[in-house]
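One structure below.
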Amino acid sequence: MIQSARDEWPVRSFPGDFHWRDFHRISGGNPLLLRSLIDDYSTAAGAGAVELVPGAFFEQAVTTCLYRIDTSLRNTACALAVLGPHASPAELADVLGIDSDSAQRNLGALAETGLLHSGWFRHEAARDAVLQSMDAAQRSQMETCVAQVLHDHGNPPTDVARHLIAAVKPGEAPWLLPTLLEAADRALAEDDVDLALDCLRVARDICTDERDALAIRIGLARAGWRVNPSAAAAHLPELTAAALTGRLPAGHTHALIGYLLWFGQVDEAVAVFDTLGKHGTAPAGASAEPWEPQSSDRVRLWMAYGYPGLRGTVRSAVPGGPQQGSAPALAPAQSTVRRVGDLLGSVFGRRAIDDVVVRTEQILQGARLDDDVLASVLTALGSLVFADGLIRAAFWCDTFLAEATERRVPMWQALFASVKALIEIRLGRLEAAEEAARTALTLVSPEAWGAAVALPVASFLQAKTALGRLDEAAAQLSIPVPEAAFQTPAGLLYLRARGQYRLAAGHPYPALDDFHACGELMARWDLDLPGLVPWRTDAAEVYLSLGDGGRARALAQEQLSRVGNGRPWTRGVSLGVLAATVEPPQRPNLLGEAVEILRERGHRLELARAMRDLAGAYRDLGDEGGSRTLARQAQQLMRECGVQPTEPEGPASGDRAAVSFADRTWTRGVHPELVGRLSDAELRVAKLAARGHTNRQIASKLFITMSTVEQHLTRVYRKLRVRRTDLAARLQSEDADGAHWTGDERPGAGVTDARERVRC
């Protein structure tokens with residue numbers, strides 16, 4: 001037939017390779033279909049294509065074939081197209097309302113037309129053309145009929161549901177709603193969120209029972225949250241109203257509380273929690289989950305530890321406490337929740353770090369992500385981070401992030417990316433932390449994060465600040481963080497990150513406010529854990545920058561008393577701060593221990609800073625060789641973390657080459673020991689500040705910004721360990737060529753006492 005067609009038609013010229021076998025495979029030798037394929041190929045070839053792809057001419061030819069054959073064959077082609085390639089002859093016969101033999105004869109006749117081969121369409125384009133040939137009413141009726149037949153033949157609910165979704169009006173059969181809901185559950189278990197949402201939307205449209213409608217709303221919130229939590233927010237008002245009047249089953253009420261807490265609706269969550277005791281459990285509808293003890297344990301756990309201020313509300317029921325009587329056997333999910341509760345009790349009870357790490361890994365081993373286990377896994381990872389098990393935490397976080405990525409669940413990916421950012425910051429891998437935080441906020445918009453947005457934003461802000469990209473860090477402060485976030489541990493991390501940015505940007509007093517706010521919240525929650533936020537050490541850094549060594553020393557000592565004699569990273573950082581407040585001969589021992597601890601715990605950025613300070617301590621004691629070696633190592637480690645060292649590499653300050661004549665004027669009247677310790681820019685700013693000029697006046701004189709002045713002064717105060725009022729005395733040399741301060745240049749003129757400002 002192909003040869004006769006070639007002899008009949010005029011010769012055409014086609015670019016590329018012309019393969020008649022492909023034309024025959026798709027057309028089955030049908031002249032009408034063959035001609036349409038040649039026309040499609042000619043059109044595509046004119047546009048530069050070289051592959052044979054059936055197009056508009058082929059679709060029109062298939063439609064023409066359908067209307068040239070009798071109605072029985074046309075109906076068979078339509079039923080087969082709707083059923084799909086795996087339909088059995090018996091199912092096809094039932095859809096058509098004929099016997100199996102008649103169905104087989106129709107398939108044979110369709111094969112002779114060139115449309116079918118071995119019981120299925122020769123090309124998907126032919127199937128698509130058949131489906132397009134059906135009007136909306138015919139297609140809806142056929143989809144409904146196919147769904148009924150597949151259900152009667154015992155096909156999986158997801159296969160049946162796909163046809164119910166395609167039908168405009170699937171009918172009112174009693175099996176429809178349970179099938180759709182079961183299909184939604186299975187689709188969600190297989191990470192097919194789109195199918196789950198489609199099933200639930202159709203179920204919502206045909207549902208007439210209020211209890212089932214509420215269960216469907218919970219299902220829509222649950223499935224939508226995986227992709228975009230904002231989709232879940234639309235269902236909360238109606239679900240909350242139902243819960244408050246006792247119309248929502250307990251299992252669904254527990255899920256609702258979780259969503260309310262996510263979006264920071266704390267008062268509503270507490271009110272709904274209280275109804276569990278007042279109204280008991282509402283009767284379950286066709287789709288309602290049965291009441292499960294692990295659901296109750298989960299909601300109490302997340303209320304108690306997700307919002308520590310609520311611990312008193314649920315204290316008596318928090319998992320992990322002593323159990324009275326013989327404990328029943330626990331389901332896996334319930335057991336995981338209980339074990340996480342016990343683990344958190346260990347972390348908050350300040351038990352041994354090694355014990356926490358071992359128990360956390362026991363929880364994480366073999367865990368597979370699902371909606372019930374997700375929060376437990378995230379909490380266990382957080383415990384591992386706060387217990388200083390950073391390397392293991394990084395391994396497990398990457399493992400679960402890979403699983404979430406493979407299963408294509410954006411919200412899970414974003415959550416583990418945010419945890420990864422926190423881990424990478426503590427490990428000193430700042431570029432990786434920045435990238436992970438960016439991923440978290442890209443996969444899920446900040447608005448959809450709810451109160452939890454504080455975590456990725458805090459990591460982003462902290463990484464940018466540590467990298468010295470202060471303008472980019474400032475941009476993160478424009479991301480709205482709900483007030484409810486500051487009732488969560490993530491809010492503490494945000495306050496700390498903002499405080500670190502403010503200190504780096506030369507705003508020590510607002511930074512101090514943030515660190516003290518952390519302390520007040522942690523004390524109020526009875527959660528004053530240095531591993532979570534070492535706010536005393538952070539505040540001590542601010543006091544050092546202001547030259548108030550006494551307060552810095554007191555805070556560092558108090559922090560050390562709280563971390564005990566173990567070797568957590570917070571002890572290493574606190575030792576480094578304490579070293580800055582003692583006499584030079586005492587510093588090497590404190591800094592040496594800090595270096596050992598931070599190297600052992602893997603906090604590379606803090607390690608680099610401690611090594612830099614230790615190099616300075618050696619230099620102050622006259623050990624120039626040891627100082628140079630250690631300084632170079634510190635600078636190299638900083639570069640590996642992504643930070644460019646601010647102090648020059650090379651010889652110590654005493655060996656520096658002579659400065660230019662312009663710079664030499666700024667060293668006049670300055671103690672020689674300090675000339676090399678401060679950069680030229682810092683020295684210029686320091687001398688003007690010592691003469692009583694305000695920051696604005698200094699900025700004007702030197703043609704720089706106010707922020708730059710504040711940054712230079714912050715580093716000067718830290719390096720010289722002085723207040724602003726003591727700056728003149730510290731800078732002035734005893735033999736400063738008879739230089740004297742006169743008039744408005746006298747030390748301290750117009751400068752507010754830093755100590756008084758701190759007290760305010």
For residues [X] and [Y], report the shortest heavy-atom separation together with the two atoms involved.
{"X": "G572", "Y": "A594", "result": "O-CB, 3.2 Å"}
{"X": "A451", "Y": "Y307", "result": "CB-OH, 3.6 Å"}
{"X": "L578", "Y": "Q557", "result": "CD1-CG, 3.8 Å"}
{"X": "A463", "Y": "L430", "result": "CB-O, 4.0 Å"}
{"X": "A556", "Y": "A540", "result": "N-CB, 4.4 Å"}
{"X": "L637", "Y": "R604", "result": "CD2-O, 3.5 Å"}

pair [X]-[Y]: side-chain heavy atoms closer than 4.5 Å:
{"X": "R536", "Y": "D528", "result": "yes"}
{"X": "I363", "Y": "S376", "result": "no"}
{"X": "L495", "Y": "L521", "result": "yes"}
{"X": "Y717", "Y": "H712", "result": "no"}
{"X": "P410", "Y": "R226", "result": "no"}
{"X": "L427", "Y": "I391", "result": "yes"}
{"X": "Q500", "Y": "E541", "result": "no"}
{"X": "L443", "Y": "T439", "result": "yes"}

Does a side-chain N-to-carboxylate-O contact under 4.0 Å join [X] and [Y]?
{"X": "R496", "Y": "D514", "result": "no"}
{"X": "D370", "Y": "R407", "result": "no"}
{"X": "D613", "Y": "R587", "result": "no"}
{"X": "R571", "Y": "E593", "result": "yes"}

Assess whether atom CD of E406 is packed by more than 12 heavy atoms of other residues, nucleotides or ligands within 6.0 Å.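 Counting other residues, nucleotides and ligands, CD of E406 stays at 12 neighbours or fewer.
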
More than 12 heavy atoms from other groups under 6.0 Å of CD on E483: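 Incorrect, the count does not exceed 12.
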
What orientation do [X] and [Y] show, parallel under 30°, tilted 30 to 60°, or perpendicular over 60°?
{"X": "F416", "Y": "F400", "answer": "parallel"}
{"X": "W262", "Y": "W449", "answer": "parallel"}
{"X": "Y494", "Y": "F486", "answer": "perpendicular"}

Interatomic spacing from [atom1] in [X] to [atom2] in [Y] - rounded to 0.5 Å:
{"X": "L374", "Y": "L369", "atom1": "CG", "atom2": "CG", "result": "6.5 Å"}
{"X": "L381", "Y": "W396", "atom1": "CG", "atom2": "CH2", "result": "9.5 Å"}
{"X": "R612", "Y": "L591", "atom1": "CZ", "atom2": "CG", "result": "10.5 Å"}
{"X": "L384", "Y": "I423", "atom1": "CG", "atom2": "CD1", "result": "7.5 Å"}
{"X": "R502", "Y": "T714", "atom1": "CZ", "atom2": "OG1", "result": "14.0 Å"}
{"X": "C518", "Y": "L492", "atom1": "SG", "atom2": "CG", "result": "5.0 Å"}

For the side chain of [X] and the backbone of [Y], is there at least one donor-acceptor N/O pair under 3.5 Å apart?
{"X": "S445", "Y": "L441", "value": "no"}
{"X": "T629", "Y": "G626", "value": "no"}
{"X": "R339", "Y": "Q362", "value": "yes"}
{"X": "T581", "Y": "G549", "value": "no"}

S574/T537 under side chain to side chain donor-acceptor pair (under 3.5 Å): CA gap, chis, key distance, verdict: CA-CA 6 Å; S574 300; T537 303; 2.8 Å; yes

Holding to salt bridge (charged side-chain N to carboxylate O under 4.0 Å, His left out), I want the full list of residues that pass it with D623, two or more places apart in sequence or in another chain.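 Result, salt bridge (charged side-chain N to carboxylate O under 4.0 Å, His left out) vs D623: none returned.
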
Please report the C-alpha distance between E424 and E434 in whole Å, then the side-chain angles of each, then the deciding distance to 0.1 Å, and finally whether the side chain to side chain contact (heavy atoms under 4.5 Å, CB included) criterion is met. CA-CA 9 Å; E424 299 291 13; E434 183 184 20; over 6 Å; no

Does NZ or CZ of R498 lie under 6.0 Å from the centre of the six-membered ring of Y501, at an angle within 45° of the ring axis?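 Because its charged atom misses either the 6.0 Å distance or the 45° angle limit, R498 does not stack over Y501.
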
List the steps, then state whether salt bridge (Lys or Arg N to Asp or Glu O under 4.0 Å) holds for E682 with K719. CA-CA 10 Å; E682 291 166 353; K719 290 179 180 181; 2.9 Å; yes

Kindly indicate, with the supporting measurements, whether the criterion side chain to side chain contact (heavy atoms under 4.5 Å, CB included) is fulfilled by V685 and V716. CA-CA 9 Å; V685 172; V716 169; 6.0 Å; no

Passing option when E431 is tested against K464, R469, R438 for salt bridge (charged side-chain N to carboxylate O under 4.0 Å, His left out):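 One option only clears the test, and that one is R469.
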
Give the intermediate values and the outcome of side chain to side chain contact (heavy atoms under 4.5 Å, CB included) for residues E447 and V453. CA-CA 8 Å; E447 297 77 15; V453 73; over 6 Å; no

Set out, in order, the CA-CA distance, both residues' side-chain angles and the distance that settles side chain to side chain contact (heavy atoms under 4.5 Å, CB included) for D388 and H603, then state yes or no. CA-CA 9 Å; D388 248 7; H603 292 255; 3.1 Å; yes

What residues form a ring-ring contact (aromatic ring centres under 6.0 Å, His included) with F263, not counting sequence neighbours?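 Residues passing ring-ring contact (aromatic ring centres under 6.0 Å, His included) with F263: none at all.
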
